[in-house]
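Order of the sequence lines fixes the chain letters, A, B, ..., with proteins taken first and strands second; residue numbering starts at 1 for each chain. All heavy atoms count here, side chains included; hydrogens, waters and symmetry mates do not.
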Amino acid sequence: MANLTSEQVKELADNILKMTNDLGDFRYRNFSKLTPQENTRLKELHNNLLEHTTELYTKSAVLVLDDAVESLDKIKIITEKTQELYSNLDNIQTGINWATKILGMASAILSLNTESIAASIKSIIS
Amino acid sequence: MKTLKTFLFTTSTMSLLMGCVNLGHVTNFSKNSIEALQTYGNLSQSFTTICTQDCELKHISNFNVYKTDCECEGNVKADSITTAIYTATVEYLHGLMAVSDKTITKFQTAELTNALATGNYGPIKLNAEDVTSYSKLSSLILKAYSGIRSRKKIKAYVTEGHEPFQHLLHFLEFNLSQNLNGKLEVQKNGIQNFYFDLVQDTNLSSYERTKFAEDYFEKKATIEKYQNELRLFGDLINEVKEGHSLLLKNLDQLTEDEVKGSLGKTAQKLALGARIISQFN
């Protein structure tokens, strides 16, 4: 995978923010059904994703990498899949597992290690 | 009649050659663009302030007031880059103002002229393309400083400066309207995540829960005000970009009324926008 440009890092941040918002909405919507442990876990994941996202916007402002159109397209697919998943989700554990995977991807993106990014995307898409 | 025409033709040709053409509208556009961009200094938020606020919210949610250091180095760097880009664009406009105004005999060199000359931009790292734009603009500004008495330079100045100027304005707009605004959007969501559980907590009194809800809406409104401020600043940057494109397109007809009128309108919009941003705080 080629490197990312500043504008692409920003686009990734926008997409991860959308996924993060969906996770937040999922928690707010299902608050009455969640066990305290589930609520705490989802809240933590939400917070972690928000921290990663804000850091990505900063990275976009300072870092400029090469093109990675292919990966951006894949991120778009993941975003759509996430939005669909949260709107039709009955199983809380599936939601937690998915959010954990997205968090892993966000961590990989923050590391700017292109191999880790590719591996994390592959594990979500496959 | 023929004599009058010849006289008028000769006078205008001589004026052009001697650089005595009235380019007050270009000077005015430059001046208003500078004033508009200078509202950068009035913006309520920066990468570093948002980082600090987010970090403080984290400490608050962990009930922690001990060892409350915040790691915001990356954000300090983002602010440095943005400020360096902003400075270069304003310096360029000072140069444009000087080459268009025959009454300016001494150029007010800004503090960062030295930085522009030496390439010492502080703790910033730009990619190759940005560095090219930055250094192109820097040498152009420095050339304007040294050749300030030559009023015929405006055509070369605008033509040479257009591309790097547009590129840097794009970068400035991108960092503020996109990245900084994105950070505010994240902050808004973080606040909702923080307050949600407090408002839902039935162990608290209705009064406490209501107060938390009020706090949430107040903080959300403040963030949205900052976002509007950034949006308006982004609009001003785009006005400057368009105004400069108009200038480039009409370099051979700068004294025509239509060009004067269009640049005048842009200058008015910039002045109005700058006033609104100044009144935000």
Side-chain angles (χ1 to χ4, degrees), chain A residues 3-67 99 106 110-112, chain B residues 46-48 50-55 57-58 61-62 71-85 123-131 170-202:
Chain A
N3 290 330
L4 302 169
T5 66
S6 175
E7 304 225 2
Q8 286 166 333
V9 172
K10 185 252 157 196
E11 204 179 326
L12 284 169
D14 287 344
N15 278 310
I16 292 176
L17 181 59
K18 278 184 204 158
M19 294 186 241
T20 308
N21 288 344
D22 290 332
L23 173 66
D25 287 340
F26 174 71
R27 180 169 89 87
Y28 306 144
R29 210 172 46 239
N30 292 287
F31 183 70
S32 58
K33 291 186 232 161
L34 300 174
T35 66
Q37 290 78 15
E38 284 169 343
N39 182 51
T40 306
R41 181 66 189 133
L42 283 170
K43 188 179 178 179
E44 263 174 20
L45 282 167
H46 190 195
N47 263 332
N48 291 341
L49 275 166
L50 287 170
E51 281 173 25
H52 282 50
T53 312
T54 195
E55 210 175 316
L56 269 180
Y57 283 118
T58 303
K59 284 219 187 254
S60 163
V62 292
L63 282 174
V64 178
L65 306 169
D66 295 335
D67 292 338
L110 270 179
S111 75
L112 299 171
Chain B
S46 68
F47 286 91
T48 312
I50 294 174
C51 174
T52 309
Q53 288 158 359
D54 288 349
C55 169
L57 181 69
K58 198 175 170 183
S61 62
N62 291 331
E71 280 182 26
C72 293
E73 287 81 6
N75 291 281
V76 172
K77 200 170 171 184
D79 282 326
S80 296
I81 290 180
T82 314
T83 304
I85 299 297
I124 65 165
K125 189 181 165 192
L126 301 174
N127 71 327
E129 205 185 340
D130 296 326
V131 168
H170 163 76
F171 195 35
L172 185 64
E173 195 268 340
F174 176 70
N175 263 12
L176 296 172
S177 306
Q178 309 282 318
N179 286 322
L180 196 59
N181 184 53
K183 283 180 81 72
L184 285 171
E185 196 59 37
V186 172
Q187 193 177 58
K188 211 159 67 179
N189 285 291
I191 282 169
Q192 189 181 26
N193 191 26
F194 173 73
Y195 280 102
F196 180 82
D197 296 78
L198 296 169
V199 173
Q200 293 291 332
D201 192 344
T202 47

In terms of heavy-atom pairs under 4.5 Å with chain B, the winner among A:L17, A:T20, A:L49 is A:L17
Among A:E55, A:K43, A:E51, single out the residue with the greatest number of heavy-atom pairs under 4.5 Å to chain B.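 Winner by heavy-atom pair count: A:K43.
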Between A:K18 and A:D14, is there a salt bridge with N-O shorter than 4.0 Å? no
How would you list, by chain and number, every residue that makes a salt bridge (Lys or Arg N to Asp or Glu O under 4.0 Å) with B:K188, sequence neighbours excluded? B:E185, B:E224
Please classify the contact between [X] and chain A as side chain, backbone, both or neither, with a heavy-atom cut-off of under 4.5 Å.
{"X": "B:Q192", "result": "both"}
{"X": "B:N189", "result": "both"}
{"X": "B:N175", "result": "side chain"}

Does any part of the side chain of A:L45, heavy atoms only, come nearer than 4.5 Å to the side chain of A:R41, both counted from C-beta?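 Side-chain contact under 4.5 Å: yes.
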Pairwise side-chain contact, A:R27 with B:D197, heavy-atom cut-off 4.5 Å (strictly under):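 In short, these two side chains touch, coming nearer than 4.5 Å.
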Pick one of side chain, backbone, both or neither for A:L50, based on which atoms fall under 4.5 Å of a heavy atom in chain B. both
Less than 3.5 Å apart, any donor N or O on the side chain of B:H170 or A:E7 sitting next to an acceptor on the other? yes
